[in-house]
Amino acid sequence: QLLLVESGGGLVQPGGSLRLSCTDAHELSLEHYVVMWFRQAPGKGPEGVSCISISGGTSDYADSIKGRFTITRDNARNTVYLQMNTLKPDDAAAYYCAAKLARTDTACYMDPHDYDYWGQGTQVTVTS
């Protein structure tokens, strides 16, 4: 049973960068799990941001963040990262990672409801 933990959120000015990390609190391996990041702003539903396959060979991004965010994974460190550059005020939200046991080597999914494990989230605030 995974217990996902996110870190790396904070307050940043528009145009700034943050790197979020997702790992398991008990240091269980994420090697066999598809992982995604999603976000939720106050009063809005969850929005899929990015996902990555178990090998890292497949990834997907929401149109709103393409070219600015990059998802990667380091299976040796049991960590999935979300590098966020050129942040905008609209990116402000609670960011969550989610994981699902993989069925294939290449798939990932952008709907958070397809995932079995969700973290508690890390807050990202973008303001001048």
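For the numbers below, each heavy atom of this structure counts, side chains included, while hydrogens, waters and symmetry mates do not.
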Fill in: Non-neighbouring partners of T72 that pass side chain to side chain contact (heavy atoms under 4.5 Å, CB included), sequence neighbours left out
T70, Y81

Discussion item. Main chain of G56, side chain of R73: is a donor-acceptor contact present, judged purely on distance under 3.5 Å?
Written reply: no

Worksheet item: Are F38 and I71 connected in a single hydrophobic cluster, I mean Ile/Leu/Val/Met/Phe/Trp/Tyr linked by side-chain heavy atoms less than 4.5 Å apart?
Response: no

Considering only distance and modelled atom types, tabulate donor-acceptor pairs under 3.5 Å from the side chains of residues 97-107, sequence neighbours left out.
residue : atom : partner : partner atom : Å
K100    : NZ   : D114    : O            : 3.4
T104    : OG1  : T106    : N            : 3.4
T104    : OG1  : A107    : N            : 3.1

Worksheet item: Is there a path of hydrophobic side-chain contacts, each under 4.5 Å between heavy atoms of I, L, V, M, F, W or Y residues, that connects M84 with Y96?
Response: no

Response to the item:
Heavy atoms of V49 and F69 approach each other most closely as CG1-CD2, 3.8 Å

Worksheet entry | Common cluster, L20/M36, ILVMFWY with side-chain heavy-atom separation under 4.5 Å | no

Worksheet item: Side-chain heavy atoms under 4.5 angstrom apart, residues restricted to Ile, Leu, Val, Met, Phe, Trp, Tyr: same cluster for L28 and Y117?
Response: yes

Worksheet entry | Main-chain N/O of P112 paired with W118 side-chain donor or acceptor, under 3.5 Å | yes

Fill in: Minimum heavy-atom distance H113-P46, with the two atoms named
CE1-CG, 4.2 Å

Worksheet entry | Shared hydrophobic cluster for V80 and I54 (ILVMFWY, side-chain gaps under 4.5 Å) | no

Worksheet item: After noting the C-alpha distance and the side-chain angles of S7 and T122, does the key distance pass the side-chain contact (heavy atoms from CB on, under 4.5 Å) rule?
Response: CA-CA 6 Å; S7 61; T122 185; 5.7 Å; no

Worksheet item: So how far is it from L18 CG to Q83 CD, rounded to the nearest 0.5 Å?
Response: 8.5 Å

Practice prompt. Would you please classify the geometry between the Y109 ring and the Y115 ring as parallel, tilted or perpendicular, with 30° and 60° separating the classes?
Written response: perpendicular

Worksheet item: At what distance, to the nearest 0.5 angstrom, does CG of L4 lie from NE2 of H26?
Response: 10.5 Å

Worksheet item: Looking at CG of L82 and OG of S50, how far apart are the two atoms once the value is rounded to the nearest 0.5 Å?
Response: 6.0 Å

Discussion item. Suppose the criterion is salt bridge (Lys or Arg N to Asp or Glu O under 4.0 Å): which pairs have a residue in residues 36-65, not counting sequence neighbours?
Written reply: R39-E47, R39-D91, D63-K66

Response to the item:
Taken in chain and number order and not counting sequence neighbours, the residues that satisfy side chain to side chain contact (heavy atoms under 4.5 Å, CB included) with S128 are P14

Worksheet item: Quick one: CD1 on I52 to CG on L30, what's the gap to the nearest 0.5 Å?
Response: 11.5 Å

Worksheet item: With S17, which residues qualify under side-chain hydrogen bond (donor to acceptor under 3.5 Å, both in side chains), at least two apart?
Response: N85

Discussion item. Contact between D24 and V5 at the side-chain level, heavy atoms closer than 4.5 Å - yes or no?
Written reply: no

Worksheet item: Nearest 0.5 Å, what's the OH-CG distance between Y33 and N75?
Response: 12.5 Å

Worksheet item: Mind checking what makes side chain to side chain contact (heavy atoms under 4.5 Å, CB included) contact with N78, not counting sequence neighbours?
Response: T23, S29

Item to complete: Measure the CD-CD distance between E6 and Q120 for me, rounded to the nearest 0.5 Å.
Response: 7.5 Å

Worksheet, complete the sentence: Closest non-hydrogen atoms of Y95 and V124, given as atom of the first, atom of the second and distance, are CD1-CG2, 3.5 Å

